[in-house]
Undergrad: 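Below you'll find the structure I mean.
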Protein chains: 2
Amino acid sequence: MRASEKAYTTLRGDIVDWRLPPGTVLAEVELSARLGVSRTPVREALARLTAEGLAEPQSGRGTVVSGISLDHVDELFELRSALECRAAELAARNRDPAVFLELHRQLGNAGRLITEQDPARRDYYRLAGELDTAIDDAAGNHYLAQALKSLRVHLVRVRRLSKDNPARLREAAREHADIAFAIANGNAAVASAATTVHLDNSLRHLLQGGAAPS
Amino acid sequence: MRASEKAYTTLRGDIVDWRLPPGTVLAEVELSARLGVSRTPVREALARLTAEGLAEPQSGRGTVVSGISLDHVDELFELRSALECRAAELAARNRDPAVFLELHRQLGNAGRLITEQDPARRDYYRLAGELDTAIDDAAGNHYLAQALKSLRVHLVRVRRLSKDNPARLREAAREHADIAFAIANGNAAVASAATTVHLDNSLRHLLQGGAAPS
DNA sequence: GCAAGCACTTTTGTATACACAACTGGCCGA
DNA sequence: TCGGCCAGTTGTGTATACAAAAGTGCTTGC
């Protein structure tokens, strides 16, 4: 793996997982020492992180981890809503019904994935990720998929910020199942509406504290 | 001005204005010689351009100017529609009516800006840009504004691809005026609908050849 | 005692040298 | 004659040295 890739991956993970909290100063020499590479690949990694919005240039000099607080999560969800509703509509038009019926079925049973044995909810989030991927693929729009991809980085960061709540997670799974079903049926309006409802519920639980965002 | 900034600005302009057509190889040594800076700032500029989607890494080695063709303009406009409709809705809720009434007035008179004396339509595009900025400001959503900003780079590139058409430009100005009016009235649904109509007309004229995209 | 200026330190910006990988050309063998 | 291999060349990836700029703290003068 290239040194710049390694630096980027490591830093990105550290920021997303809140090991580097917002405001942390990202000094090139210190990072190059810590990561065991020279400043050049570190600079490249910082440039990529800045472009993604995970870091931002400090006034005048230096780079810091960008802030993300519940104050601005509503803005993030507004963008998310715009993108995901449109993606759901497009997917409903172009979908392969079998794919989404299968996802609908799996999501209907997703409650049993949320157990105490898997505190990170890996299985659940994997399934939710599969729905996202299926929607992106069915929508068939490169630019939209790209915009969603860069958005999801920030969403993961928010998710880590909140405690997850098994009851809310089970509700969310049902909402996801509704979305998959509407897409399977080719009903764009319902798919969009179901997405709106899901995101509104997610945001509300998130802001009330302790709920999982998706 | 910093050398990396200069390299970035120059290359970005060259790509947007089609002086560097899609597929052009961006070789670091050649660029550093041409721009009169060393490879380091050139690399930084290429990284930024790649992050924006104006350039993309070639298979294995090197960087090339990314392609954009009419084949994919419909996808670009789908994303644009999702973002701008939402922005218009948000702006309609939070707007200062006076700002948008003034824009409505100016856009109503924009026909006279489209003269043979200004073949680049600088005054017209400046006014259209002011509407965009006013909507972004009124929407008050950092993430949405950021997504729109990165989208507009590609739109400018498409615009340069097409000949502009004075008649279509005058129509577009009227459509913009409609959008401004709906926002001034605080009517989110109409603002969104007017945006949809405008973008649909723009895209159709663009694909029919010879029309201006905004 | 406070403020202003200067020097020092720290950090980023730029240049360049070196390492390595991939493509290209020619040459040799089958 | 064609195909494969090897060497040379070219270009990117990384490291590091040097330059410049900005912040900080001290000193000095008022």
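All values derive from a computational prediction rather than experimental measurement.
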Undergrad: Check salt bridge (charged side-chain N to carboxylate O under 4.0 Å, His left out) between B:Arg95 and all other residues, then give those that pass, not counting sequence neighbours.
TA: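 Counting only residues at least two positions away or on another chain, B:Arg95 forms no salt bridge (charged side-chain N to carboxylate O under 4.0 Å, His left out).
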Undergrad: Just the rounded figure in Å: distance from P of D:dA21 to CD of B:Glu5.
TA: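 That distance rounds to 16 Å.
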Undergrad: Nearest-Å distance, NZ (B:Lys6) to C1' (C:dT14)?
TA: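 Distance, rounded to whole Å: 13 Å.
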Undergrad: Listed by chain and number, what are the salt bridge (charged side-chain N to carboxylate O under 4.0 Å, His left out) partners of B:Glu89, not counting sequence neighbours?
TA: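 B:Glu89 satisfies salt bridge (charged side-chain N to carboxylate O under 4.0 Å, His left out) with B:Arg86 only.
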Undergrad: Taking side-chain hydrogen bond (donor to acceptor under 3.5 Å, both in side chains) as the definition, give me every residue that meets it alongside A:Ser66, ordered by chain and number, with sequence neighbours left out.
TA: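 Counting only residues at least two positions away or on another chain, A:Ser66 forms a side-chain hydrogen bond (donor to acceptor under 3.5 Å, both in side chains) with A:Arg157.
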Undergrad: Could you tell me whether the phosphate oxygens of C:dC23, OP1 or OP2, come under 4.0 Å of any side-chain nitrogen or oxygen in B:Arg61?
TA: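 The answer is no; no side-chain N or O of B:Arg61 sits under 4.0 Å from OP1 or OP2.
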Undergrad: Once you round it to whole Å, what is the distance between P of C:dT14 and CD of B:Glu44?
TA: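 That distance rounds to 7 Å.
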Undergrad: Kindly give the atom pairs (protein nitrogen or oxygen, nucleotide nitrogen or oxygen) under 3.5 Å for nucleotides 15-18 of chain C.
TA:
{"unit_1": "C:dA15", "atom_1": "OP2", "unit_2": "B:Ser38", "atom_2": "N", "d": "2.7"}
{"unit_1": "C:dA15", "atom_1": "OP2", "unit_2": "B:Ser38", "atom_2": "OG", "d": "2.9"}
{"unit_1": "C:dA15", "atom_1": "N7", "unit_2": "B:Thr40", "atom_2": "OG1", "d": "2.8"}
{"unit_1": "C:dT16", "atom_1": "O4", "unit_2": "B:Thr40", "atom_2": "OG1", "d": "3.3"}

Undergrad: Is the phosphate of C:dG13, meaning OP1 or OP2, less than 4.0 Å from a side-chain N or O of A:Arg43?
TA: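 A:Arg43 to C:dG13 OP1/OP2: side-chain N or O found under 4.0 Å.
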Undergrad: Separation of B:Leu46 atom CG from D:dG11 atom P, in whole Å?
TA: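 It is 14 Å, rounded to the nearest whole Å.
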Undergrad: Over how many whole Å does the gap from B:Glu28 atom CD to C:dT14 atom P extend?
TA: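 In whole Å, C:dT14 P and B:Glu28 CD are 15 Å from each other.
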Undergrad: Need one value for B:Ser4: base, sugar-phosphate or nothing, where a base atom within 4.0 Å counts as base even if backbone is also close, heavy atoms only.
TA: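 Answer is sugar-phosphate: B:Ser4 comes under 4.0 Å of backbone atoms only.
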Undergrad: For residues 3-13 of chain B, which residue pairs pass the side-chain hydrogen bond (donor to acceptor under 3.5 Å, both in side chains) check, not counting sequence neighbours?
TA: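 Residue pairs with at least one partner in residues 3-13 of chain B: B:Glu5-B:Arg48, B:Tyr8-B:Arg12, B:Tyr8-B:Glu52.
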Undergrad: Quick test of your reading of the model: are B:Asp118 and B:Arg126 salt-bridged, counting only N-O distances below 4.0 Å?
TA: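 So B:Asp118 does not pair with B:Arg126 through a salt bridge.
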Undergrad: Calculate the interatomic distance between A:Tyr8 atom OH and D:dG13 atom P; express it in whole Å.
TA: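 The distance from OH of A:Tyr8 to P of D:dG13 comes to 16 Å, rounded to the nearest Å.
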Undergrad: Nearest whole angstrom, please: distance from the C1' of C:dT12 to the CD of A:Gln58.
TA: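 Those two atoms, CD and C1', are 12 Å apart.
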Undergrad: For A:Arg105, give me all partners under salt bridge (charged side-chain N to carboxylate O under 4.0 Å, His left out), at least two apart in sequence or on another chain.
TA: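 Counting only residues at least two positions away or on another chain, A:Arg105 forms a salt bridge (charged side-chain N to carboxylate O under 4.0 Å, His left out) with A:Glu102.
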